[in-house]
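For the single chain, residues carry numbers from 1 onward in sequence order.
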Amino acid sequence: MIDTPADAPLLHDSDADSHRSSLDSYDSSDAVDESALVSPGIFIWVLTFCAGVSGLLFGYDTGVISSTLVSIGSDLSSRSLTTLDKSLITSATSLFALIASPLTGVLADSWGRKKVILLADILFVVGALWQAWSGTVWGMIVGRSIVGLAVGSASFVVPLYISELSPSPFRGRLVTVASLFITGGQVVSYIIGWLFSTHPHGWRWMVGLGAAPATIQFLILEFMPETPRWLVKANQKDRAKQVLLRVYGGGDEIKQMVDAVLRRVEKEIMEEEEAAGERSNPELPKTGWRGRMAKVNDGFAQVVAVGGNRRALIIACMLQGFQQLCGFNSLMYFSATIFALVGFQSPTLTSLSIALTNFAFTLVAFHSIDRIGRRRILLYSVPIMVIGLGLCSVAFNFVDIPTHESSVATRGIDNAGTRAWPLIILIAMIVYVAGYAIGMGNVPWQQSELFPLSVRSIGSGLATATNWGSNFLVGLTFLPMMDLFTPMGTFAVYTGVCIACWFTVWRIYPETCGLSLEEVGGLLRDGWGVEESVRKAGERMRERR
């Protein structure tokens, strides 16, 4: 079969009228109910884990910097790192992830989801090796920037890839596997950091080892299929059907379900193409790069101009922004620095408790997200984050923070009174991370389910860019805020962000658990859909019981 670009028409004019009439006779109420599926098949599990390797790299590269910053010493530019150096090295990854997210959102529509994952792997390898061989601060910043391009691409496309492959009853759980890989990567990064922290120039091994998983995934990508929804959009229906049959399994009932899913996707694409035809300007080119750019511009316009798309974008950007502005990645980037400041003698090993907590409670989210629902799990878990951050803010008021970095390395916790408050800080951070991992660490990455297929890549890319823009802001400002506002004031600010997050979720975020990707679009078409979605979610839960 000859590949067809994703922006080519789904049907040629000669076929369009007859095919449209057959799709018009299709009623979504006649579709086979996907809730009849008992569990994900082996094929979708294999694909999810293969794609999740990018999440492992994402987590490793964001987590390893914590150990790296306290291990570099004077290896870069023959001097100790300043606060500005640390902030630039850390925030460079977020800045270039911000740049990559919307760009790869466009590429994922033209090239396909799989090829963007391949591009991310190449960037991961180049960035890891560049860091390992760096001899200057600016060389390290360049290496972290290349990794940022990879992280920005992977963090957007992997949840999208898994979401478009997953049956709706298990979509939340399978997308959460990507988050599980991220937290697992952070655990691995802290263990590697601890093992190499006492070795001369051990930080070079810490950053360089990130090339290994990327190389492995690059080799297995050849055996991974493209998502069926992108294949349908690229006029490759037969290949899409083959992928769906492998995802859903065999049997006559399953074949009917696959046919129903394909008809539903085709109908959505045809409606989008008809709407695009009504919007089209006959003077604009239809083919070549100018035609592609015109289509991209139309996509960006439709994300903003169409009410349902705009509401989806607001919700996705809101969740991604709050995920970072609550300060979580300040712990990932600077936890070892924080624990050194408050007096722990093995800050890298102490930081491992944060990563392990994140991993363990991501498992709780994996178990719960399709049972409790996205909205409810956020409304339950964000108050836990508020408690942890509030306690952390109070505890910092009773800890003597050294004013000179040179005194940090030799400082220890030397009496019972002094020892209690650092331990309370550690416990408070663990409580906060537990609440974060259950909800905010996972739910925002369900973002692709909010958007219709026509703007799914662009919308998800913009939402991911919001994540990395907020991440960049937190990474750049955390240490200066600690100096300016004190740790107590800094964590109080993050507490206020979490409170604002809870009220925003309660007001505008509908429950999408159990809905197909095509049904979610209908939920947001005429409003936020909160009351309707909560009512339907309650009905689905009563049916399951």
### Message
Would you say that Trp528 contacts Pro510 through its side chain, given a criterion of any heavy-atom pair below 4.5 Å between the two side chains?
### Response
no
### Message
How close do Ala128 and Ala211 get, counting heavy atoms only, and between which atoms?
### Response
CB-N, 3.6 Å
### Task
Could you tell me whether the side chains of Gln447 and Thr464 share a donor-acceptor contact shorter than 3.5 Å?
yes
### Task
Could you walk me through whether Glu449 and Arg456 pass salt bridge (charged side-chain N to carboxylate O under 4.0 Å, His left out), step by step?
CA-CA 8 Å; Glu449 69 184 7; Arg456 187 168 294 148; over 6 Å; no
### Query
For the rings on Trp506 and Tyr380, is their centre-to-centre separation under 6.0 Å?
no
#### Entry: Closest non-hydrogen atom pair between Ala465 and Leu98, with its separation
O-CD1, 2.9 Å
### Task
Would you check if Trp445 and Gln323 make a side-chain contact, meaning some heavy-atom pair closer than 4.5 Å?
yes
### Query
Can Glu226 and Lys115 be counted as an ion pair, charged N to O under 4.0 angstrom?
no
### Query
Would Val530 and Tyr509 satisfy side chain to side chain contact (heavy atoms under 4.5 Å, CB included), going step by step from the backbone distance to the final call?
CA-CA 6 Å; Val530 172; Tyr509 185 39; 5.9 Å; no
### Query
Does the His199 side chain pair with the main chain of Leu195, one donor and one acceptor, at a distance under 3.5 Å?
yes
### Task
Calculate, to the nearest 0.5 Å, the distance between atoms OG and CD1 belonging to Ser197 and Ile192 respectively.
11.0 Å
### Query
Is the backbone of Leu389 close enough, under 3.5 Å, to the side chain of Ser393 for a donor and an acceptor to pair up by distance?
no
### Query
Cut-off 3.5 Å, side chains only: do Gln320 and Ser470 have a donor facing an acceptor?
no
### Task
Show your reasoning for whether ring-ring contact (aromatic ring centres under 6.0 Å, His included) applies to Phe58 and Trp468.
CA-CA 12 Å; Phe58 173 4; Trp468 289 110; 5.3 Å; yes
### Task
Measure the spacing between CD1 of Ile65 and OG1 of Thr68 and express it to the nearest 0.5 Å.
5.0 Å
### Message
Please evaluate residues Tyr161 and Leu47 with respect to the criterion side chain to side chain contact (heavy atoms under 4.5 Å, CB included), reporting the C-alpha separation (whole Å), side-chain torsions for both, the decisive distance (0.1 Å), and the verdict.
### Response
CA-CA 9 Å; Tyr161 180 86; Leu47 292 181; 4.2 Å; yes
### Query
Within the side chain of Trp502, is there an N or O that forms a donor-acceptor pair under 3.5 Å with the backbone of Leu379?
yes
### Query
Between the main-chain N or O of Ser101 and the side-chain N or O of Thr104, is there a donor-acceptor pair closer than 3.5 Å?
yes
### Message
Can a side-chain donor-acceptor contact be found between Asn442 and Ser179 if the only test is distance below 3.5 angstrom?
### Response
yes
### Task
Mark yes or no for whether Ser67, through its side chain, and Gly193, through its backbone, hold a donor-acceptor pair below 3.5 Å.
no
### Message
Take a 6.0 Å sphere around CZ of Phe366 and say whether it holds more than 12 heavy atoms from other residues, nucleotides or ligands.
### Response
yes
### Query
Taking Tyr60 for the side chain and Leu209 for the main chain, is one N or O donor matched with an acceptor at less than 3.5 Å?
no
### Query
Would you call Asp85 and Arg79 a salt bridge, taking side-chain N to carboxylate O under 4.0 Å as the test?
yes
### Message
Quick check on the 6.0 Å ring-centre criterion: do Phe181 and Phe49 meet it?
### Response
yes
### Task
Establish, from distance only, whether the side-chain atoms of Ser163 and Ser448 form a donor-acceptor pair under 3.5 Å.
yes
### Message
Tell me whether Gln446 contacts the main-chain N or O of Gly172 through its side chain, where contact means a donor paired with an acceptor under 3.5 Å.
### Response
yes
### Task
Using the side chain to side chain contact (heavy atoms under 4.5 Å, CB included) rule, pick out the option among Asn309, Leu313, Thr512 that qualifies with Leu450.
Thr512
### Message
Looking at Trp205, I'd like to know if its CH2 atom is crowded, meaning that more than 12 non-hydrogen atoms belonging to other residues, nucleotides or ligands lie closer than 6.0 Å.
### Response
no
### Query
Hey, does Ile508 have a side-chain heavy atom less than 4.5 Å from the side chain of Ile315?
yes
### Message
Less than 4.0 angstrom from a charged side-chain N to a carboxylate O is my criterion; do Arg113 and Glu164 meet it?
### Response
yes
### Query
So do Val505 and Val382 actually touch side chain to side chain, heavy atoms under 4.5 Å?
no
### Query
Once you round to the nearest 0.5 Å, how far does OG1 of Thr357 lie from CD of Gln186?
11.5 Å
### Query
Is it true that Asp109 and Lys233 make a salt bridge, defined as a side-chain N closer than 4.0 Å to a carboxylate O?
yes
### Message
Show the nearest heavy-atom pair for residues Phe156 and Ser457, with the distance to one decimal.
### Response
CE1-O, 3.4 Å
### Minimum heavy-atom distance between Ile384 and Gly435, given as atom pair plus value
CG2-CA, 3.8 Å
### Message
side chain to side chain contact (heavy atoms under 4.5 Å, CB included), that's the test. Do Phe396 and Thr490 meet it? Break it down for me.
### Response
CA-CA 10 Å; Phe396 266 115; Thr490 300; over 6 Å; no
### Task
Could you tell me whether the side chain of Thr215 reaches within less than 4.5 Å of the side chain of Asp121, counting heavy atoms only?
no
### Message
Minimum heavy-atom separation for Val187 and Ala355, please, with both atom names.
### Response
CG2-O, 3.3 Å
### Query
Do side-chain atoms of Ser91 reach the backbone of Leu476 as a donor and acceptor pair under 3.5 angstrom?
no
### Message
In the structure I gave you, are the side-chain heavy atoms of Phe339 and Met429 within less than 4.5 Å of one another anywhere?
### Response
yes
#### Entry: Nearest-0.5 Å distance, CD1 of residue Ile146 to CG of residue Asp61
11.5 Å
### Query
Do other residues, nucleotides or ligands put more than 12 heavy atoms under 6.0 Å from Trp138 CH2?
no
### Query
Quick one: are Ile89 and Leu81 in side-chain contact, heavy atoms under 4.5 Å?
yes
### Task
Check whether any side-chain heavy atom of Leu426 lies under 4.5 Å from a side-chain heavy atom of Ile430, and answer yes or no.
yes
### Query
According to the interplanar angle, ranging from 0 to 90°, do the rings of Phe491 and Phe478 count as parallel (below 30°), tilted (30 to 60°) or perpendicular (above 60°)?
perpendicular
### Query
Between the side chain of Gln217 and the main-chain N/O of Cys50, is any donor-acceptor distance below 3.5 Å?
yes
### Separation of Leu69 CG from Met206 CE (nearest 0.5 Å)
10.0 Å
### side chain to side chain contact (heavy atoms under 4.5 Å, CB included) between Tyr190 and Val64, worked out
CA-CA 6 Å; Tyr190 280 112; Val64 77; over 6 Å; no
### Task
Provide the closest heavy-atom pair for Ser134 versus Trp203 in the form atom of the first, atom of the second, distance.
O-CH2, 4.0 Å
### Message
I'd like to know if the side chain of Thr466 reaches the main chain of Leu462, judged simply by a donor and an acceptor atom lying under 3.5 Å from each other, with no hydrogens or angles considered.
### Response
yes
### Task
Starting at SG of Cys326, measure out to CE of Met440 and round the result to the nearest 0.5 Å.
6.0 Å
